[in-house]
There are 2 protein chains.
Amino acid sequence: MNTDNKEQNTESEILNAAKRIFLLKGMDGARMQEIADEANINKSLLHYYYRSKQLLFEAVFKSAFSMLAPQLNAVMNDDSPLFDKISNFTYNYISFVAKHPYLPNFIIQELNRNPEFLNNLMNEKHFPKIDKFKKQLEEQIAQGTIRTIKAEQLFINIMALNMFPFLASPLIKAFTNTNDIEFKQLIDARKTEVADFIINSIKI
Amino acid sequence: MNTDNKEQNTESEILNAAKRIFLLKGMDGARMQEIADEANINKSLLHYYYRSKQLLFEAVFKSAFSMLAPQLNAVMNDDSPLFDKISNFTYNYISFVAKHPYLPNFIIQELNRNPEFLNNLMNEKHFPKIDKFKKQLEEQIAQGTIRTIKAEQLFINIMALNMFPFLASPLIKAFTNTNDIEFKQLIDARKTEVADFIINSIKI
DNA sequence: GTCTATAGCCAGATAGAC
DNA sequence: GTCTATCTGGCTATAGAC
């Protein structure tokens, strides 16, 4: 139906526009007028579809988080060998985030202001949990194929090495004295180098 | 003089209060009234001393950055052997940030919204530059004491492993299923483990 | 469903008394 | 230097016509 399509179009137009603005400026920095302009519609339509700025923001946050969570879940829960897992995750994650550079920063920023957001999400099925990864790691340590390291620490290190460059890009560019193109090349090289760095560190 | 002391007291009271609020809520989220309350003074005094919210914020940012920069400068510019440098930096940095947990996130967040802030700071003498670190690293690689790695990548890795846990603590706590006390213990262990992780990876 | 107009509030900034 | 009172603009949200 025409009406149904129009509804869906406008509603998802709004969500997409809101994503672009909220990811760029955050909850506090974003303006409803800006989102309306971005979606080429009237400001009052935002309230018609989403009632309030807060609810629109929550829809955006949930959508953004559901893009990121499966990526992280890949480290935790799949059955490939440890080193393959690290290599694949690194390659896939950096490729993914290079296309959505504001995503990790947005998630982390808004979680710092509002950690309770996680309460709703933690019970969902795609929410990453460390147990399986921990078991796999402990088995390999027992077999003597890798050094002793706590699963939590290794997981933090994997996340850190992959996510940090996107969080701190202005700082990194300034300190390493690289322009946008050189920085992009650094990131690109990390698709394989990060995994090498990690594996070198834990293999015996 | 009495008057001078009072001036200095009020002015630095304001700056300290502003730091606490801005670090917690960021430029967009902070309210001048909140800062005035935090400093136990009247709102109009903020304008008397700092003219505008923007100028007060810039004073806070500059002060915060000047606390962090010397820490990072330690990796880049001093004369100790590479492995010592990495160990010392890791220990010192994590100890330092554990006392100022909002500092790195504040800097990174506001730089993402406003990368031009770095333009003013880059010419100051304490601003970290990579050249010396790069030279040291290349010498060691030529001598065959460490693996081949670009200085930029190693520097990013050192920053990432040290800073990330403070940036993403809500996410890490949720994924690794740790409470505040357990998380503090993880961080504490990293004062030495992070350096081991890095050195293991690059030593031959 | 979509628009215009406006209510109502809150924040940053200033005027002016003391 | 410090206060109270107030201006002014901008923002979220709603009322109501079409």
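Any value given below was found using the heavy atoms of this structure, including those in side chains, with hydrogens, waters and symmetry copies removed. We name chains A, B, ... by the order of the sequence lines, and we start the count at 1 in each one.
When the side-chain hydrogen bond (donor to acceptor under 3.5 Å, both in side chains) test is applied to A/K132, the partners found at least two apart in sequence or on another chain are A/D79.
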Could you run down the sub-3.5 Å N/O contacts of the protein with nucleotides 4-7 of chain C?
| from | atom 1 | to | atom 2 | distance (Å) |
| --- | --- | --- | --- | --- |
| C/dT4 | OP2 | A/N42 | ND2 | 3.0 |
| C/dT4 | O4 | A/S44 | OG | 3.3 |

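Residues A/Q153 and B/A189 approach most closely at NE2-CB, 3.8 Å, considering heavy atoms. A pairwise comparison of heavy atoms in B/A74 and B/K85 identifies O-CG, 3.9 Å as the closest pair. The two residues B/N73 and B/K129 make their nearest non-hydrogen contact at OD1-N, 4.4 Å. The two atoms that bring A/P104 and A/V97 nearest to each other are CG-CG1, 3.6 Å, heavy atoms only.
Note: OH (B/Y50) to C1' (D/dG1) measures 15 Å, nearest angstrom. The separation between A/E13 atom CD and C/dT2 atom C1' is 15 Å, rounded to whole Å. Here D/dC11 presents its P atom at 18 Å from CD of A/Q54, a figure rounded to the nearest Å. Here D/dG9 presents its C1' atom at 14 Å from NZ of B/K53, a figure rounded to the nearest Å. Atoms CG (B/L45) and P (C/dC18) sit 18 Å apart, rounded to a whole Å.
Using modelled atom types and a 3.5 Å distance limit, the side chains of B/E58 and B/Q54 yield a donor-acceptor pair. Checked by atom type, the side-chain pair A/Q33/A/D37 shows a donor-acceptor distance below 3.5 Å.
Not one side-chain nitrogen or oxygen of A/H47 sits closer than 4.0 Å to the OP1 or OP2 atom of D/dT14. Phosphate proximity of C/dT2 to A/Y49: present, with a side-chain N or O under 4.0 Å from OP1 or OP2.
For the helix from C/dG1-D/dC18 to C/dC18-D/dG1, the axis fitted to the five pairs at one end and the axis fitted to the five pairs at the other end meet at an angle of 10° (nearest 10 degrees).
Contacts of residues 25-40 of chain A with DNA chain D (heavy atom under 4.0 Å): A/A30, A/R31, A/M32.
Outside the 6.0 Å centre-distance limit, the rings of B/F106 and B/Y102 are not counted as a close aromatic pair.
A salt bridge between A/K150 and B/E193 is absent, with no side-chain N of the basic residue lying under 4.0 Å from a carboxylate O of the acidic one.
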Atom pairs and distances, side-chain donor-acceptor, residues 176-188 of chain A, under 3.5 Å, sequence neighbours left out:
| from | atom 1 | to | atom 2 | distance (Å) |
| --- | --- | --- | --- | --- |
| A/T176 | OG1 | A/I172 | O | 2.7 |
| A/T176 | OG1 | A/T178 | OG1 | 3.1 |
| A/N179 | OD1 | A/I181 | N | 3.1 |
| A/N179 | OD1 | A/E182 | N | 2.8 |
| A/D180 | OD1 | A/K173 | NZ | 3.2 |
| A/E182 | OE1 | A/N179 | N | 2.9 |
| A/D188 | OD1 | A/K191 | NZ | 3.1 |

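Closest to the A/Y48 side chain, of the nucleotides C/dA13, D/dT2, C/dT2, is C/dT2.
For residues 152-176 of chain B, the ring-ring contact (aromatic ring centres under 6.0 Å, His included) pairs, not counting sequence neighbours, are A/F127-B/F175.
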